[in-house]
Amino acid sequence: MQTLTPHVFWAQRHGEIYLRVEISDAKNIDISVQENVLRFRGQGHGAKGENEYEFSLEFLKPVKAEIKHKSTQRQVNITVRKQAHCWWDRLTMQEKKPVFLAPDFDRWLDESDAEMELKQKEEKINKVSVESRIRKDPYLGLKKGYLFMYNLVQFLGFSWVFVNMTVRLFILGQDSFYDTFHTIADVMYFCQMLAVIEVINPALGLVKSGVMPAFIQVMGRNFILFVIFGSLEEMQNKPVVFFVFYLWSAIEIFRYPFYMLACIDTEWKALTWLRYTIWMPLYPLGVLAEAVSVIQSVPIFDETKFLSIRLPEALGSSLSFSYVLQLYLLLMFLGLFFNFRYLFKQRRRRFRTKKRKAN
């Protein structure tokens, strides 16, 4: 059998040399490094058909004696480690390149690209090292399960409110405006009392959202529900109740399933977009509906003296609760401004992160 020289392709990194020997179905492979010279011998199917192939390369600079190679059906891959991490101007000691040797453009990088690749590998190793030192939370699964169940219950509650009100609106038309409270209030009471947990969760570090935005929203809604609607029978038959409840539930039927999926590390792009977009028109409309309900309740509180504070005779008869409502209106719109700003920043940060990951 005639001994021939195979086609050999090479590429380098700062610490390694990669050789690709074009011999398919190789067998009886013998590779060694002596006095900085790599010698290869093997049988297989190459450019001249089924033959025995061999070659030798004297490297430009010292290399380590340990050789790694892997044979595939199509080729033999060889990895040689350099003695020193540095970039070589060429592969061999002789300036003239051997005729059988060519660059491996599938793996070829110039020096700057190789440095970037090395830097990325080091950053990845450092990241893994840091993550391995961070102690994993043994209760993470329990926390996620608790948050998933909470969001599921809230989603079901607000979905029932939204669907019930929508069906009644189609069947009864405007007549459904006037008995919304008596039909929906019990479920809304349950959902809004449960929503107090949303202030506790960030305070305990179970979620990363801010405590103050959650406090403003939850306490604001509960003030409207329990003080304005729940304590004044005159308010319970007003159409504004319908709009307040409908806008609240329209926001939450997108927010809670988004958080549910986040608990199981799943994302639905359409839902993500809706969660971070639908609030932009609905949240200000909801605050406007709440403000209308407060304004409509002011004359009722003045007339009934409900929740008014009795004063000594020298100062007057009583301090009307309507003054508190007027102050609350001011705080409501201040809260709208700060919450809207907070939510908008959240939205921008979310989509910037997604865009960065996509790139």
Side-chain angles (χ1 to χ4, degrees), residues 1-132 352-359:
M1 185 180 289
Q2 185 182 6
T3 301
L4 302 170
T5 304
H7 292 304
V8 180
F9 299 88
W10 78 283
Q12 69 169 317
R13 298 296 184 268
H14 285 85
E16 294 173 323
I17 297 293
Y18 304 118
L19 301 175
R20 174 162 56 87
V21 184
E22 290 293 289
I23 299 178
S24 59
D25 299 320
K27 56 187 177 182
N28 300 328
I29 297 171
D30 181 25
I31 307 171
S32 63
V33 173
Q34 294 178 351
E35 297 179 352
N36 214 42
V37 176
L38 180 139
R39 291 181 172 83
F40 173 93
R41 180 185 291 271
Q43 292 178 339
H45 192 89
K48 300 292 184 178
E50 187 73 25
N51 277 292
E52 185 171 291
Y53 291 87
E54 67 176 22
F55 68 90
S56 63
L57 291 170
E58 183 178 5
F59 293 115
L60 177 65
K61 295 182 180 180
V63 298
K64 296 183 178 180
E66 309 93 50
I67 301 294
K68 292 182 180 179
H69 77 275
K70 182 179 180 182
S71 300
T72 68
Q73 268 190 323
R74 298 179 57 189
Q75 62 203 23
V76 178
N77 296 309
I78 304 171
T79 303
V80 183
R81 296 181 64 189
K82 299 176 181 178
Q83 285 281 10
H85 278 63
C86 61
W87 196 256
W88 294 3
D89 295 330
R90 61 181 187 272
L91 179 64
T92 60
M93 181 66 73
Q94 63 186 88
E95 291 188 12
K96 187 176 179 181
K97 178 177 68 65
V99 293
F100 63 87
L101 189 65
D104 185 353
F105 290 109
D106 290 338
R107 303 193 70 167
W108 193 267
L109 293 178
D110 59 27
E111 186 174 4
S112 59
D113 290 335
E115 287 176 352
M116 183 64 70
E117 182 186 70
L118 182 63
K119 185 177 179 182
Q120 289 174 347
K121 285 182 179 179
E122 288 175 351
E123 288 176 351
K124 188 174 181 180
I125 291 170
N126 290 336
K127 184 178 178 182
V128 171
S129 177
V130 170
E131 288 177 351
S132 66
R352 274 184 179 175
T353 303
K354 284 175 67 66
K355 187 176 180 181
R356 207 160 40 235
K357 287 181 179 179
N359 292 335

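Taking each heavy atom of Pro62 and Asn36 in turn, the nearest pair found is CA-OD1, 3.1 Å. Across all non-hydrogen atoms, the minimal contact from Gly44 to Tyr53 is O-CE1, 3.4 Å. Shown here for Thr92 and Arg90, the closest heavy-atom pair between the two residues is O-NE, 3.0 Å. Residue Leu101 comes nearest to Lys97 through the heavy atom pair O-NZ, 2.7 Å, listed as atom of the first residue, atom of the second, then distance. Nearest heavy-atom pair, Pro6 versus Phe55, reported as atom, atom and distance to 0.1 Å: CG-CD2, 3.8 Å. Here the shortest heavy-atom pairing between Gln12 and Cys86 reads OE1-O, 4.5 Å.
Under the rule for a side-chain contact (heavy atoms from CB on, under 4.5 Å), the partners of Asn77 that lie at least two apart in sequence or sit in another chain are Arg20, Thr72, Gln75. Shown here are the side-chain contact (heavy atoms from CB on, under 4.5 Å) partners of Ser32, two or more places apart in sequence or in another chain: Arg39. For Ile29, the side-chain contact (heavy atoms from CB on, under 4.5 Å) partners two or more places apart in sequence, or in a different chain, are Ala26, Ile31, Phe40, His69, Ser71, Val76. Residues satisfying the salt bridge (charged side-chain N to carboxylate O under 4.0 Å, His left out) test with Arg81, not counting sequence neighbours, are none. Annotation: side-chain hydrogen bond (donor to acceptor under 3.5 Å, both in side chains) contacts of Arg41 (sequence neighbours excluded): Glu52, Glu54. Checked against side-chain contact (heavy atoms from CB on, under 4.5 Å), Lys70 has no partners two or more places apart in sequence or in another chain.
Not one N or O on the side chain of Glu35 forms a donor-acceptor pair closer than 3.5 Å with the backbone of Val37.
Annotation: side chain of Trp10 is not in contact with side chain of Asp104 (no heavy-atom distance under 4.5 Å). You'll find the side chain of Thr79 reaches within 4.5 Å of the side chain of Glu16, heavy atoms only. Residues Phe59 and Leu38 are in side-chain contact: their nearest non-hydrogen atoms beyond the backbone lie under 4.5 Å apart.
Here CD of Gln73 is found 8.5 Å from OG of Ser24. Values are rounded to the nearest 0.5 Å. Taking CD from Gln94 and CG from Leu60, the interatomic distance works out to 11.0 Å, rounded to the nearest 0.5 Å. Within the model, atoms CD of Glu58 and CG of Leu91 stand 11.0 Å from one another, a figure rounded to the nearest 0.5 Å. Atoms CD1 and CD, from Ile23 and Glu50 in turn, are 9.5 Å apart once rounded to the nearest 0.5 Å.
The side-chain tip of Lys82 points at the ring of Trp87 from less than 6.0 angstrom away and within 45° of straight on.
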**Request:** Apply side-chain contact (heavy atoms from CB on, under 4.5 Å) to the pair Ile17 and Trp88, showing each step before the final yes or no.
**Result:** CA-CA 10 Å; Ile17 297 293; Trp88 294 3; 3.9 Å; yes

**Asked** Please walk me through it: do Leu19 and Leu57 pass side-chain contact (heavy atoms from CB on, under 4.5 Å)?
**Response** CA-CA 11 Å; Leu19 301 175; Leu57 291 170; 4.2 Å; yes

**Request:** Could you walk me through whether Ile67 and Val80 pass the side-chain contact (heavy atoms from CB on, under 4.5 Å) test, one step at a time?
**Result:** CA-CA 5 Å; Ile67 301 294; Val80 183; 3.7 Å; yes

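A 6.0 Å sphere centred on NZ of Lys68 holds no more than 12 heavy atoms belonging to other residues, nucleotides or ligands.
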